[in-house]
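Notes follow once the structure below has been shown.
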4 protein chains.
Amino acid sequence: MILTVASFKGGVGKTTTAIHLAAYLSQKGKSVLVDGDLNRSAVDWAQRGEAPFDVVDESQLNDPSKYKYLVVDTPARPSDEDLIGLAASSDLLVIPSMCDAFSIVALIKTTNTLQGLPGDKFRILLTACPPYPSKEAGKAREALSEAGLPLFKTQISRLAAFQKSALEGVPVFAVKDARAQQAWKDYESLGKEVLKWQT
Amino acid sequence: MILTVASFKGGVGKTTTAIHLAAYLSQKGKSVLVDGDLNRSAVDWAQRGEAPFDVVDESQLNDPSKYKYLVVDTPARPSDEDLIGLAASSDLLVIPSMCDAFSIVALIKTTNTLQGLPGDKFRILLTACPPYPSKEAGKAREALSEAGLPLFKTQISRLAAFQKSALEGVPVFAVKDARAQQAWKDYESLGKEVLKWQT
Amino acid sequence: MILTVASFKGGVGKTTTAIHLAAYLSQKGKSVLVDGDLNRSAVDWAQRGEAPFDVVDESQLNDPSKYKYLVVDTPARPSDEDLIGLAASSDLLVIPSMCDAFSIVALIKTTNTLQGLPGDKFRILLTACPPYPSKEAGKAREALSEAGLPLFKTQISRLAAFQKSALEGVPVFAVKDARAQQAWKDYESLGKEVLKWQT
Amino acid sequence: MILTVASFKGGVGKTTTAIHLAAYLSQKGKSVLVDGDLNRSAVDWAQRGEAPFDVVDESQLNDPSKYKYLVVDTPARPSDEDLIGLAASSDLLVIPSMCDAFSIVALIKTTNTLQGLPGDKFRILLTACPPYPSKEAGKAREALSEAGLPLFKTQISRLAAFQKSALEGVPVFAVKDARAQQAWKDYESLGKEVLKWQT
DNA sequence: TGAGTTAGAATGGCACCACCCGTC
DNA sequence: GACGGGTGGTGCCATTCTAACTCA
């Protein structure tokens, strides 16, 4: 199964999402994270710590058949053609987005592009959602639904544990933080939703 | 005076910064915000509400000499050459960045590019800084200083008022929010720092 | 039907409750408010304004059979014997109580006395409940339930409209206040609960 | 110095006032709180937590001369003779009252009784005053002044911290609440006024 | 028609609770 | 694990402004 993580804007948790999806899926079968980002953020990350799955540069992926799950972290701002290509070569396209107004508006503007994608091959993931009682995530969800864009039910909270995860180069469940488990649950929930979608 | 706002990543408050810099400077002299972003976020924003300054598409700026201050919002992810060009044609390059680890690491990676820029023509602005007692901003500041990158002393807080500002298409000081004035003070302080730099 | 309003403490909205119960019941049948309080608060109140029902001193109630509903406002701090007498001569004993800790503790202390009362002849009414998001009313409700004391489902909010009602000598629905209708709904709900209990 | 706290109605913060007056005065000299209330609220309170002063039942006060300050919490609804007796045996009579209309009217009705008291031996304390922008306290103050009744300049705010204080059995300054210090300042101010009156 | 009155909406300020975060 | 500081949302209250209605 090939999961591609792509977004039109940077700084939305794309790499974090790719890493933690790979971490979750590696519990279910041999997994690899393919780093296609220009910044090589994921490779850097893996070098800082100890990843429970393989992390390879996209040019170094020799034998995809070794893996049950491939998670691909793509460069930011793909062109329309890029996106279509990514969708064609993937089973599911995960599009993370923050829930601030600018991000949502930008995302809705790309509705045409996205709806050109085949069937239900993509879903949007809200990331960095502020805690209760903020309504930002709810508003974003509503706006995207109205625009007809498919959403994951799961959303990722904005927690300092994710920062520590990035700094230390370990998945968030390995971070020493009071809310590390809560943070990990978000991605576990996402992982379950992905696997459920597959069926 | 030409101020250019550019960043290597999206979703860092680039448009918000451009808008509020223009809003501050429009108090000091006739100002225009030139929207060079592909998403035309700033133009959209101005259409939603009532901006106290002109907002034009970059192709529509006929007579720059009419204005005392030009604030240019650029596309995300400029290439190195783009950046050099932008720096050459501007008096100051403002580079907003969030203070999360990925953003800071990405920024430091571009140190070489940035230090190729002439003199003290650019400065980094930390945006969306989490409130006390978070140390994220402090850590980011330290890391950037060590990398030799120049920073604005001012930093922008992460406040819901900025979200409302984006949604309503008005500068943050016109938003009905308990912390609107506090939010505006951040950009006032930035504006003062910019003007002070000029001298 | 004879409704008696009694409480062990003063200042809990006893008179307000008696007045508004009478006001509600007067819509359903001829009603009288019998003022047994030493302060003659209800009589004073009726003199200040225009009550839609009769208000008489307890010594002046000549012909109870004229009325379908009698609401009796009793003196504060009845003795145990008083209370038993009141219960015996009434169909229902309404015991208003604020939800502060002292009031609730004092009320629970009287559990023995209350449970000596015949059957389900009394119910406690929480009054002056602070607005959301306070949990005071919820805590009080929980404590009283644990003590086995019966509660009205309805509770009365703490609203300035009740103050104006007292000052002007009119039922709260006749007060010029943005929340007057909301305040009246509380007592309407109580009235419905009382009538429902009767059946 | 003997301070007596008495009121004609219950639920007005009588026990809270007695407790916090004793707490303040215990900073200035050895103090005791004499619980004369039938509910023994103050004794209960002291049992729940840790009071920084002695709390005794009125029948157990053996050696008053041990104390510099005696604060006496009296039963609710004293008769006129009781009141005169209390005033005679005290240096100052503190009469707490809420500022709702019923309470104020009831208090003014007792003007005759009160004015029969010797000289300036008593003062009224407004308690549970609602926050800005309510005018309830101002109106109450005005009405009482017109009736010629002496008032403390200090008034006690209605704050959730006082509830927590009651529940936990500790003075309000020991409560974990954002406004605990503000609440305590009210009673500090009252204490100062009392001491100042003494001279 | 014009002016005074009155009802409704918008505004500012505060209290309260739930939550996040660094420190002890 | 508890604490203190901070933010976000909700609700109440008084004031102000606006809109509509009454009455001369």
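Keep in mind the model is a prediction, meaning the values are calculated, not measured.
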Residue pairs, two or more places apart or on separate chains, that pass salt bridge (Lys or Arg N to Asp or Glu O under 4.0 Å) and touch residues 126-145 of chain A: none
Protein-nucleotide distance (C/I156, atom CD1; F/dC12, atom C1'), rounded to Å: 17 Å
Any residue meeting ring-ring contact (aromatic ring centres under 6.0 Å, His included) with B/F162, in chain and number order, not counting sequence neighbours: B/H20, B/Y187
Audit row: A/S165, A/T16, side chain to side chain contact (heavy atoms under 4.5 Å, CB included) steps and yes/no: CA-CA 9 Å; A/S165 161; A/T16 298; 5.8 Å; no
From D/S157 atom OG to D/D186 atom CG, the distance as rounded to the nearest 0.5 Å: 4.0 Å
Spatial distance of atom OG (C/S103) from atom CG (C/L144) [nearest 0.5 Å]: 10.0 Å
Sequence-aligned protein contact record of nucleotides 7-17 of chain E, with B where the base is within under 4.0 Å of a protein heavy atom and S where only the sugar-phosphate is: ----SBS-SBS
